[in-house]
Novice: 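I have a structure I would like to understand better, so I am pasting it below and will then ask my questions one at a time.
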Protein chains: 2
Amino acid sequence: MIKVVRAIERLPKRERQQQLARLIEDNPFMTDRELNRRLKVSIQTIRLDRLELGIPELRERIKLMAERSYDPVRSLPMHEIIGDIIDLQLDKSGISIFEIREEHVFSRTGIARGHHIFAQANSLAVAVIDDEIALTASADLRFIRSIKLHEKCIAKAYVRSGPGEGSKAKVEVITYVGEEMVFQGHFVVFRSKGE
Amino acid sequence: MIKVVRAIERLPKRERQQQLARLIEDNPFMTDRELNRRLKVSIQTIRLDRLELGIPELRERIKLMAERSYDPVRSLPMHEIIGDIIDLQLDKSGISIFEIREEHVFSRTGIARGHHIFAQANSLAVAVIDDEIALTASADLRFIRSIKLHEKCIAKAYVRSGPGEGSKAKVEVITYVGEEMVFQGHFVVFRSKGE
DNA sequence: GATCATATTATCACCAGGTACTAATCCAGT
DNA sequence: ACTGGATTAGTACCTGGTGATAATATGATC
């Protein structure tokens, strides 16, 4: 039950802790010593602040980063289909939704990396083919405009050639953000019927 | 001169150092303590070995990983590049290696999903462009043959148009498994010149 | 002004995971 | 028997902390 006295004009502690959090946020490699010089408080105060804010020490921070970037599974969450398929009419059409999150963008610009957009479209193009095995044979892509953090990509796939037409299917995928077309891809997908 | 005798019980130095390097390679988070127990030599020997092999201490290794995944300065944010870039001549060419693992294949067939192959090529195509921001504008892909579990994909990128030619660069990426060409992509990459 | 709570600073002991250096020991080959 | 590389041992020291305890500062409240 810690009560904060509100009569004070400047709340050095709160404010300082915010600054501290921000400093560490955008340079996680700062030692407490650097932070204490930066914020003009003793190193002990820095440590108390970290404790209160639940910010681990330098080495732990670094280790966490390293582990995240190392993690062989997380490196691209592409095990399965990228995006949530919300409609699928085999050999006809399909729709999937994929929201751009932090891990999909260039951190400096907030623009989605092309391969995630491709991955959604490719996953859908393969999924829409009603066959035992479906593999992308070739593709022709146009990234119409850059896609940014938190945008929801809606990919629509249309099969342009039926199942009777041999071992190849043509699938067109168009990805929208809202009304806007942001990506277009023409896929040729190999299919190997039954056995 | 010195004759090579191979009647020794313990592993020769050379071999142990290879093992050491391999152990650290595939688990960089190992302390010297763990390594000495693993290799059955004293911790001092481990340290001498690391010294000779030029392998930094645990904390340095971790820090390097974190920095690589963080790096706010460089024009290529490596932290989600697919494949290991082993050679890079900006605006000219680049080579990356990517090994197909369990998580990259269709589990039923052991064949790599197309978007991983694309991701490697796309990452390389973007990385090879020496610019503040580089984004894929369009691409034309051919998946020449299916790529299977554990195959090592070597992608080679060649920039086909120089930096003086406006805001678009053409990059050709060819991916090989051994001598065999397995994928080819023509990328058009937008570049937004720094200044 | 005296008192109380909170905030801040100061010390001290300790820890992991090392480096750097010196010295001892093993072990084989000539 | 002596030599030299490889190995092991031991010590001092380093960074960047944790954890506990105590002293001091700064107000707010009675």
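Note on naming: letters A, B, ... go to the chains in the order of the sequence lines (proteins, then strands), and numbering restarts at 1 for each one. Please read all numbers here as calculations on a predicted model, not as lab measurements.
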Novice: Grab the CG-P distance between B/L39 and D/dA6 for me, whole Å please.
Specialist: 17 Å

Novice: To the nearest angstrom, how far is B/L48 atom CG from D/dG5 atom C1'?
Specialist: 12 Å

Novice: D/dA25 C1' sits how many Å from A/K13 NZ, rounded?
Specialist: 14 Å

Novice: Between atom CZ in A/R14 and atom P in C/dT8, what is the gap in whole Å?
Specialist: 11 Å

Novice: Does A/R47 reach a base, just sugar-phosphate, or nothing at all? Heavy atoms under 4.0 Å.
Specialist: base

Novice: B/R50 near the nucleic acid: base, sugar-phosphate alone, or nothing, with a heavy-atom cut-off under 4.0 Å?
Specialist: sugar-phosphate

Novice: Base, sugar-phosphate or nothing for B/E57? Non-hydrogen atoms, less than 4.0 Å.
Specialist: sugar-phosphate

Novice: Do B/K156 and B/E172 sit within salt-bridge range, that is, some charged N less than 4.0 Å from a carboxylate O?
Specialist: no

Novice: Output the single nucleotide from C/dG18, D/dA9, D/dG17 whose closest atom is nearest the side chain of B/L58.
Specialist: C/dG18

Novice: Taking for each residue the nucleotide of DNA chain D with the nearest heavy atom, is it A/L51 or B/T45 whose nucleotide lies nearer the 5' end?
Specialist: B/T45

Novice: On DNA chain C, compare the nucleotides closest to B/Q44 and B/R59; which residue's is nearer the 5' end?
Specialist: B/R59

Novice: Check the distance between D/dG17's P and B/I62's CD1 and give it to me in whole angstrom.
Specialist: 14 Å

Novice: Give one of base, sugar-phosphate or nothing for B/R61, where a contact means two heavy atoms less than 4.0 Å apart.
Specialist: nothing

Novice: Please report, rounded to the nearest Å, how far the P atom of C/dT9 is from the CG atom of A/N36.
Specialist: 9 Å

Novice: Starting from P on D/dA9, measure out to CD1 on B/I43 and report it in whole angstrom.
Specialist: 11 Å

Novice: Mind calculating the distance between CG (B/L35) and P (D/dT8) to the nearest angstrom?
Specialist: 14 Å

Novice: Any ion pair linking B/D140 and A/R142 (charged N to carboxylate O, less than 4.0 Å)?
Specialist: no

Novice: Counting just side-chain N and O atoms, does B/R16 come under 4.0 Å of either OP1 or OP2 of D/dT7?
Specialist: yes

Novice: Measure the acute angle between the ring planes of B/H104 and B/H116, then classify it against the limits of 30° and 60° as parallel, tilted or perpendicular.
Specialist: perpendicular

Novice: Charged N to carboxylate O below 4.0 Å: is that the case for A/E151 and A/R101?
Specialist: no

Novice: Give a yes or no on whether a salt bridge exists between A/E57 and A/R50, defined as a side-chain N under 4.0 angstrom from a carboxylate O.
Specialist: no

